Amino acid sequence: MKKFTLLIVLISFSVLGQKNNYNLKKGFVAEGYDVVSYFNNKAEKGDKMFVSTFDGVKFKFSSKEHLEMFTKSPKKYIPAYGGYCAYAIGAKAEKVSIDPKTFEIRDGKLYLFYNSWGINTLKLWQEEGAETLKNKADKNWVNIIKKG
């Protein structure tokens, strides 16, 4: 019985740990926006009819076609840094929410940004040097994940 309880605890921590590395505002990655649509240079809201779970978290899609594209190659579409603001991860090593309509595709990867109250971090990302910030964010994200 103790082994079974330990297994349940380990599985729970594993699942919770995965979810902690994703921005799940509104219960979905990218606040329920279709992560495949970004690669068509559009920010489209997902539909509750087209939902998939990957890595213990939920994704919404605007069409059956996008759902199928994601299912075939999910890692291609998952936003960098778990869907948190790329600028904040790079500049401050902080998890900050995003505006799902503010994004960039860079080197085949989706980056999301905060854009509210007169602060557009996508513009800051571009003005302050996207490549440098991306490199910092990559390193910061590894440390954030380690801390849990």
Side-chain angles (χ1 to χ4, degrees), residues 9-148:
V9 169
L10 289 174
I11 290 170
S12 297
F13 280 124
S14 174
V15 171
L16 289 173
Q18 290 172 349
K19 289 182 181 180
N20 286 339
N21 293 326
Y22 287 96
N23 181 2
L24 298 177
K25 190 172 180 185
K26 299 185 181 180
F28 293 88
V29 172
E31 296 185 12
Y33 274 67
D34 180 344
V35 293
V36 174
S37 72
Y38 290 111
F39 290 83
N40 296 322
N41 206 30
K42 296 178 184 174
E44 296 178 329
K45 285 187 178 181
D47 185 312
K48 64 183 176 185
M49 290 183 57
F50 307 111
V51 174
S52 180
T53 301
F54 179 78
D55 201 18
V57 294
K58 293 182 185 178
F59 296 82
K60 271 189 191 176
F61 304 92
S62 60
S63 68
K64 183 179 178 183
E65 177 187 14
H66 284 192
L67 171 61
E68 290 170 353
M69 289 171 70
F70 178 83
T71 302
K72 287 178 186 171
S73 187
K75 290 182 180 179
K76 174 181 178 179
Y77 301 104
I78 293 174
Y81 321 122
Y84 288 99
C85 174
Y87 176 83
I89 297 291
K92 300 178 182 179
E94 293 179 0
K95 291 180 179 177
V96 172
S97 290
I98 49 103
D99 171 355
K101 295 178 186 175
T102 308
F103 68 96
E104 175 184 72
I105 303 294
R106 176 176 292 274
D107 300 325
K109 189 74 179 165
L110 170 60
Y111 296 87
L112 298 169
F113 299 89
Y114 176 87
N115 186 3
S116 189
W117 298 96
I119 299 170
N120 182 339
T121 60
L122 173 57
K123 287 183 180 178
L124 294 173
W125 170 265
Q126 292 166 341
E127 290 168 2
E128 294 178 23
E131 272 311 306
T132 301
L133 283 165
K134 180 190 159 314
N135 291 334
K136 287 180 182 177
D138 290 346
K139 291 174 186 168
N140 290 342
W141 186 244
V142 170
N143 291 329
I144 289 168
I145 289 172
K146 284 180 185 176
K147 290 178 186 175

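Quantities reported herein were computed from a predicted structural model and do not represent experimental measurements. Counting from 1, the numbers follow the sequence of the chain as shown.
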Visitor: Under a 4.5 Å cut-off applied to non-hydrogen side-chain atoms, are H66 and N40 in contact?
Guide: yes
Visitor: Is any side-chain heavy atom of F103 less than 4.5 Å from a side-chain heavy atom of N41?
Guide: yes
Visitor: Kindly give the heavy-atom pair with the smallest separation between E104 and Q126, and that separation in Å.
Guide: OE2-NE2, 3.5 Å
Visitor: Does the D47 side chain pair with the main chain of M49, one donor and one acceptor, at a distance under 3.5 Å?
Guide: yes
Visitor: Does D34 reach the main-chain N or O of S62 with its side chain, forming a donor-acceptor pair under 3.5 Å?
Guide: yes
Visitor: side-chain contact (heavy atoms from CB on, under 4.5 Å) between K101 and Y33: does it pass, once the steps are laid out?
Guide: CA-CA 9 Å; K101 295 178 186 175; Y33 274 67; 3.2 Å; yes
Visitor: If the test is ring-ring contact (aromatic ring centres under 6.0 Å, His included), which one of Y38, W125, Y87 qualifies with Y111?
Guide: W125
Visitor: In terms of ring plane angle, is the pair Y22 and F59 parallel, tilted or perpendicular, where the classes change at 30° and 60°?
Guide: perpendicular
Visitor: Please tell me if the side chains of L133 and E128 come closer than 4.5 Å, counting only heavy atoms from C-beta onward.
Guide: yes
Visitor: Would you mind writing out the side-chain donor-acceptor pairs for residues 71-82 within the sub-3.5 Å range, not counting sequence neighbours?
Guide:
from, atom 1, to, atom 2, distance (Å)
T71, OG1, L67, O, 2.8
Y81, OH, K134, O, 3.4
Y81, OH, D138, OD1, 2.7

Visitor: Looking only at non-hydrogen atoms, find the nearest pair between A86 and A137 and report the distance.
Guide: O-CB, 4.1 Å
Visitor: For residues 139-148, which residue pairs pass the side chain to side chain donor-acceptor pair (under 3.5 Å) check, not counting sequence neighbours?
Guide: none
Visitor: So, the side chain of T102 versus the backbone of F113: is there a donor-acceptor pair under 3.5 Å, distance only?
Guide: no
Visitor: Can L24 and V29 be said to form a side-chain contact (heavy atoms from CB on, under 4.5 Å), step by step?
Guide: CA-CA 5 Å; L24 298 177; V29 172; 3.8 Å; yes
Visitor: Among F70, F50, F54, whose ring-ring contact (aromatic ring centres under 6.0 Å, His included) with F61 holds?
Guide: F70
